[in-house]
K.L.:
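Here you go, one structure.
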Amino acid sequence: MKKILVTGALGQIGSELVVKLREIYGADHVVATDLRSSSHEITRSGPFEVLDVTNDKAMFEIAKRYEVDTIMHLAALLSATAEEKPLLAWNLNMGGLMNALEISRELGCQFFTPSSIGSFGPSTPKDNTPQDTIQRPNTMYGVNKVSGELLCDYYFYKYGLDTRGLRFPGLISYMTPPGGGTTDYAVEIYYAAVTTGRYTSYIAKNSNMDMMYMPDALNAIIDLMEADSYRLIHRNSFNVTAMSVDPEAIAAAIRKEIPGFILDYDVDPKRQAIADSWPHSMDATAARTEWGFHARYDLKAMTKDMLSHLSDRQM
Ligand code: NAD
């Protein structure tokens, strides 16, 4: 049975991933950590430790004390925030990753960290973006993510460390708000639909980006980590996606459930510039063939589920 340490566990992905991992592997087998403490359920439903991932000694001490054999490294500064604070982004995104990789090497842990559609750039083919293609991002976040993919490959080739990773698209979820990414609009729009019935998008009409619903993202992490190692050719950077959508497409899906929903625009040039540098739709063939990736939620199914959960919460 795996014994897993999760960094950045109180974020959008971690707060749901820890719950699911504890269901599968047992509460005591999943050590949740984050820079901050909170009253979130995951701080009570199993081991929780405050951990700054830039502190290698503290990370090593916790990993050793709990005798973990797997590290899932999620702590990072996301795309929009990283563009505002590039130096902090470099130090956290690269420094934290290097610490997590080194500790995995010392303790012989299996390792997972997410990459992103942000690892692509303006010169990447935008439609059906191949698994192996040009990656010359022009954002600090993108630079961090490409470097991270390469670093994880390096630890596999150099040390035989079992590193694995996914290039996530924008992730949509109803439990924990997103943490400063370019695709946050695709979550905010659902919250606005059930509260005020209208949303002003900072991303322009016709800006198609890949998205995926959180349950599919969690399954993808678990399936990849459980996959037979010998099947994996693209260990650290699998394209995964469930849909390619723009604000109009999401609004149209919402109107099927909430007919009067109003969408208007006040485009933010900074976040729009990031969006313009990203793919419209990725090719996830490698993930499907190498470890059986499969997304269950399309836009219609995700919209129904999001609105039903958010409406329940309003009552
Ligand atoms: P998030 O911003 O919601 O959460 C990040 C967490 O890291 C926060 O709880 C924060 O407190 C914590 N953190 C920040 N600095 C820290 C530090 N120094 N030490 C320890 N913890 C620290 O992020 P998320 O959406 O959960 O993303 C997790 C990972 O997935 C990141 O690597 C991100 O780049 C990647 N990713 C996310 C998405 C998405 O749509 N959410 C898409 C692609 C890739």
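As the structure lists them, so they are numbered: ligands from 1, and atoms in each ligand from 1. Hydrogens, waters and symmetry mates play no part in the numbers below; they use all other heavy atoms, side chains included.
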K.L.:
Report the nearest protein non-hydrogen atom to atom 3 (O) of ligand 1: residue, atom name, distance rounded to 0.1 Å.
P.N.:
Gln12 N, 2.8 Å
K.L.:
How far is atom 37 (C) of ligand 1 from its nearest protein heavy atom, and which residue and atom is that?
P.N.:
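The answer is Ile13 CD1, 3.8 Å.
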K.L.:
Is the terminal nitrogen or CZ of Arg235 (NZ for Lys, CZ for Arg) located under 6.0 angstrom from the six-membered ring centre of Phe156 and within 45° of that ring's axis?
P.N.:
yes
K.L.:
Using a 4.0 Å heavy-atom threshold (strictly under), name the region of Leu78 that reaches ligand 1: side chain, backbone, both or neither.
P.N.:
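Looking at Leu78 and ligand 1, just side chain atoms fall under 4.0 Å.
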K.L.:
Hey, which atoms in ligand 1 end up nearer than 4.0 Å to a heavy atom of Pro114?
P.N.:
29 (C), 30 (O), 35 (C)
K.L.:
Considering only protein heavy atoms, which is closest to atom 32 (O) of ligand 1, and at what distance to one decimal place?
P.N.:
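The closest heavy atom on the protein side is Lys145 NZ, 2.9 Å.
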K.L.:
Has Met98 got more than 12 heavy atoms of other residues, nucleotides or ligands less than 6.0 Å from its CE?
P.N.:
no
K.L.:
Using heavy atoms and a threshold below 4.0 Å, how should the contact between Pro169 and ligand 1 be classified: side chain, backbone, both, or neither?
P.N.:
backbone
K.L.:
Just by modelled atom types, is the Ser237 backbone N or O under 3.5 Å from a matching donor or acceptor in the Ser115 side chain?
P.N.:
no
K.L.:
Can you check whether Arg36 has an N/O within less than 3.5 Å of an N/O in ligand 1?
P.N.:
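The answer is yes, given that Arg36 and ligand 1 share an N or O pair closer than 3.5 Å.
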K.L.:
Check whether any side-chain N or O of Arg198 sits under 3.5 Å from a backbone N or O of Leu263 as a donor-acceptor pair, and report yes or no.
P.N.:
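No; judged by distance alone, with no hydrogens or angles, the pair does not exist.
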K.L.:
Would you check if the side chain of Tyr199 reaches a backbone N or O of Asp264 as a donor-acceptor pair within less than 3.5 Å?
P.N.:
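No, Tyr199 side chain to Asp264 backbone: no donor-acceptor pair under 3.5 Å.
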K.L.:
Got the closest protein heavy atom to atom 4 (O) of ligand 1, with its distance?
P.N.:
Gly11 CA, 3.2 Å
K.L.:
Give yes or no for whether the N/O distance cutoff of 3.5 Å, strictly under, is met between Tyr141 and ligand 1.
P.N.:
yes
K.L.:
Which bit of Leu92 gets closer than 4.0 Å to ligand 1, counting heavy atoms only: side chain, backbone, both or neither?
P.N.:
side chain
K.L.:
For Tyr66, run the side-chain hydrogen bond (donor to acceptor under 3.5 Å, both in side chains) check against Glu61, Lys3, Glu49 and tell me which one passes.
P.N.:
Glu49
K.L.:
To check your reading of the model: name the closest protein heavy atom to atom 18 (N) of ligand 1, its residue, and the distance in Å.
P.N.:
Asp52 OD1, 2.9 Å
K.L.:
Hey, are Glu83 and Arg271 close enough for a salt bridge, meaning a charged N less than 4.0 Å from a carboxylate O?
P.N.:
no
K.L.:
Using 4.0 Å as the upper bound for N to carboxylate O, is an ion pair formed by Lys20 and Glu23?
P.N.:
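Answer for the salt bridge query: no.
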K.L.:
If you measure every N/O of Ala75 against every N/O of ligand 1, is any gap under 3.5 Å?
P.N.:
no
K.L.:
For ligand 1, note which part of Pro178 has a heavy atom under 4.0 Å away: side chain, backbone, both or neither.
P.N.:
neither
K.L.:
Do any N/O atoms on Leu171 end up under 3.5 angstrom from N/O atoms on ligand 1?
P.N.:
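So ligand 1 has an N or O lying under 3.5 Å from an N or O of Leu171.
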K.L.:
Are more than 12 heavy atoms from other residues, nucleotides or ligands located less than 6.0 Å from atom CD of Glu67?
P.N.:
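Atom CD in Glu67 is not crowded, with 12 or fewer foreign heavy atoms closer than 6.0 Å.
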K.L.:
As a check for students: among Thr176, Val50, Thr7, Leu51, identify the option with a heavy atom nearest to atom 20 (C) of ligand 1.
P.N.:
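Result: the heavy atom closest to atom 20 (C) of ligand 1 is in Leu51.
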K.L.:
Please assess Tyr154 against Glu149 for the test side chain to side chain donor-acceptor pair (under 3.5 Å), listing each intermediate value before the final yes or no.
P.N.:
CA-CA 9 Å; Tyr154 177 80; Glu149 290 181 7; over 6 Å; no
K.L.:
Just by modelled atom types, is the Ala301 backbone N or O under 3.5 Å from a matching donor or acceptor in the Asp305 side chain?
P.N.:
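Absent.
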K.L.:
Hey, looking at atom 11 (O) of ligand 1, which of Leu35, Leu10, Asp34 has the closest heavy atom?
P.N.:
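Minimum heavy-atom distance to atom 11 (O) of ligand 1 goes to Asp34.
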K.L.:
Quick one: look up the protein heavy atom nearest atom 19 (N) of ligand 1 and list residue, atom name and how far away it is.
P.N.:
Val53 N, 2.9 Å
K.L.:
Is there a polar contact between ligand 1 and Thr183, counting only N or O atoms under 3.5 Å apart?
P.N.:
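Between Thr183 and ligand 1 (N or O atoms, distance only) the closest approach is not under 3.5 Å.
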K.L.:
For atom 5 (C) of ligand 1, what is the nearest protein heavy atom, given as residue, atom name and distance?
P.N.:
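I find the closest protein heavy atom is Ala76 O, 4.0 Å.
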K.L.:
Which residue and atom name correspond to the protein heavy atom nearest atom 28 (C) of ligand 1, and how close is it?
P.N.:
Leu74 O, 3.2 Å
K.L.:
Would you check if the side chain of Asp210 reaches a backbone N or O of Thr241 as a donor-acceptor pair within less than 3.5 Å?
P.N.:
no
K.L.:
Report, as yes or no, whether the 6.0 Å neighbourhood of atom CZ on Arg136 holds more than 12 heavy atoms from other residues, nucleotides or ligands.
P.N.:
no
K.L.:
Give yes or no for whether the N/O distance cutoff of 3.5 Å, strictly under, is met between Ser115 and ligand 1.
P.N.:
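Between Ser115 and ligand 1 (N or O atoms, distance only) the closest approach is not under 3.5 Å.
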